[in-house]
Amino acid sequence: MSAARRFTLSAAVAALLSIATAVAAAAATSAAPAVPLTDRVGPEIDPNERARYGLFPDLREFEAARFEPAGDGYRLIYVERVAGSPRERSRSVSRAGFEQTAWHVAFTDEYETLAGGDSLAAAGSEPDLLRRLALRYASRRRYDLASAIAADLRAGHAGAPAGAWATEAQPRFEALAGPRRALFWPGSLLDQRGRTDLLVFSGMYGLWLGTAIPVALEADDAQAYAAGLLVAPAACVLLAATVTGDRPIPKGQATIIALGGQLGTWQGLGWSGLGDADGEDVVATGVATGLAGILLAVPLSNAVGFTEGHAEITNAGMYWGGWFGLVESILTGRDEDDADSPLVDMLVGSDIGVVTAAIAARGARLSEGRMRLINLCGVLGTAFGGGLALLTESDDDQAVIGLLGAGSVGGLALGIHATRAYDRGKELAAAGGGTALQPILAMRSTGRRGAAVPTAGVRISF
């Protein structure tokens, strides 16, 4: 069997599985109308308005933003430049965060309109002076001082127009001075939902390093292994906590970073184990390729902008691709021709599953919970196939593995169908424009005057 044909079935199965999962998970929802912060700002926030109100301080190269209703809150969709290219991202914003941001914008506008500049001399009466002073501090985001002044104005001048104004404004000042939900506070747009996942992965990976490094160094002393277990896990968690303390770590990025470490380790151990390398060299290779996978996944996950669903499908592609690679090896009889073929096909299947899922699932909208249920259904389907194989009491390995593989496919398909309403009502963002498949029919010039030939093809973008 030629090398070109060896992995055809594995590639086809992994690709179909990943594409089916991505298509089933993709949301066909229409864009909701933008909601303006205030009448003066309008539905879209431009760079000048962002600078004027001090919004989104975490974004470095901001271009535009808008709010859309999403469930009980809102979705902030913003465009910023990453490596010189504009990229659209989105974040969930609570109703309180949206309202407090709108209050800040309104207070800033009110101060500029009322003051006509930065002078307090034209305030006139004491209540008007206090009102203008409170607004001045509000426009500078000193809501603790603005709240105290408004409270004094409310208590001492209740009968004056400025006192009536303070009755409404002071609770808003107090709310803005409390938990920092509004989008003008530093860190308000830091998505760290994946930070815990990354810290857990760092600790577990540290345990692996603490054991694997002494093995790779051929250490014989128990003290070397003790030092590794004492130092490596704590060092990995401390490093991850320090690096991610003030950085956005979405769940999708955390999943891809963990996948980079796992896939790199698996590939390094597998391919080096197929050669004549000693056990210590195999472990050393696994350590090196695992670290390389993490270092590669960090910029890749940031550049691609993996959403939660996109990352979860890509992560699942590694495991299901490896499993279907084993199925393919036995069904085609390659395991009988070459004892190494099952491991080879599993390694290649994992790569095919990850790459195919990463391409096909771009733009997928689904939660981690739904993907876990789909994977569970796939595992239960595999077990169901195993149960049927036991009932048939077949001695044919190909028939048994065929039932297991069919059970996996059936379980995944059932999981996709059964969980189709699992994420209904949830705010799930998509990255980019998703995968596009576009037929091309055109007349292409042959280079001779007036001569052309019909051309057909397919354009795939992701």
Side-chain angles (χ1 to χ4, degrees), residues 14-32 68-77 88-93 191-194 196-198 201 248-259 262-263 297 300-301 304-321 323-324 353-381 408-437 462:
L16 289 174
L17 171 63
S18 301
I19 292 173
T21 306
V23 170
T29 56
S30 58
E68 294 180 358
D72 295 333
Y74 297 87
R75 179 190 303 143
L76 171 66
I77 301 174
E88 185 176 280
R89 303 182 187 274
S90 68
R91 274 294 311 275
S92 297
V93 178
D191 182 0
Q192 292 199 317
R193 291 175 296 171
T196 299
D197 296 340
L198 193 57
F201 166 73
I249 307 293
K251 288 188 71 67
Q253 184 179 27
T255 300
I256 294 301
I257 293 174
L259 173 62
Q262 294 162 357
L263 181 63
L300 178 64
S301 62
V304 175
F306 282 87
T307 61
E308 180 179 344
H310 187 192
E312 289 298 330
I313 295 175
T314 304
N315 185 60
M318 169 184 166
Y319 300 101
W320 289 113
W323 163 243
F324 284 115
V354 168
V355 173
T356 304
I359 296 174
R362 185 163 175 79
R365 298 174 185 256
L366 84 165
S367 64
E368 176 187 11
R370 184 184 177 197
M371 192 66 234
R372 290 176 66 185
L373 289 176
I374 293 173
N375 286 332
L376 174 62
C377 289
V379 172
L380 295 180
S408 300
V409 174
L412 289 169
L414 178 62
I416 293 171
H417 177 75
T419 62
R420 62 190 183 280
Y422 183 85
D423 292 328
R424 185 171 298 166
K426 297 180 181 178
E427 196 280 310
L428 297 169
T435 304
L437 185 66
F462 56 91

If you round to the nearest 0.5 Å, how far is [atom2] of [Y] from [atom1] of [X]?
X	Y	atom1	atom2	answer
Ile374	Thr419	CD1	OG1	4.0 Å
Ile249	Thr196	CD1	OG1	11.0 Å
Ser408	Asn375	OG	CG	11.0 Å
Tyr422	Arg372	OH	CZ	8.5 Å
Glu308	Arg370	CD	CZ	12.0 Å

Query - Arg365 and Asp423 ion-paired at < 4.0 Å - result: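 Between Asp423 and Arg365 there is no salt bridge, as every charged N stays at least 4.0 Å from the carboxylate O atoms.
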
**Report entry** Residue pair Thr255 / Thr314, side-chain heavy-atom distance below 4.5 Å
**Finding:**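 Contact flag for Thr255/Thr314 side chains = no.
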
Query raised in the report: Just wondering, do Met371 and Leu366 contact through their side chains at under 4.5 Å, heavy atoms?
Result: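 In short, these two side chains touch, coming nearer than 4.5 Å.
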
I need the minimum non-hydrogen distance between [X] and [Y], along with the two atoms involved.
X	Y	result
Ala254	Gly194	CB-O, 3.2 Å
Leu300	Phe306	O-CE1, 4.3 Å
Pro69	Tyr74	CA-CD2, 4.0 Å
Ser301	Gln253	OG-CG, 3.1 Å
Val379	Trp320	N-CH2, 3.7 Å

Query raised in the report: Do any N or O atoms from the side chain of Asn315 and from the backbone of Leu259 form a donor-acceptor pair under 3.5 angstrom?
Result: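 Not a single qualifying donor-acceptor pair exists.
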
Query raised in the report: Does any N or O in the side chain of Glu312 come within less than 3.5 Å of the main-chain N or O of Glu368, such that one atom is a donor and the other an acceptor?
Result: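 Absent.
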
Contacts under 3.5 angstrom, residues 410-418 side chains, donor-acceptor by atom type, not counting sequence neighbours:
| residue | atom | partner | partner atom | Å |
| --- | --- | --- | --- | --- |
| His417 | NE2 | Arg420 | NH1 | 3.1 |

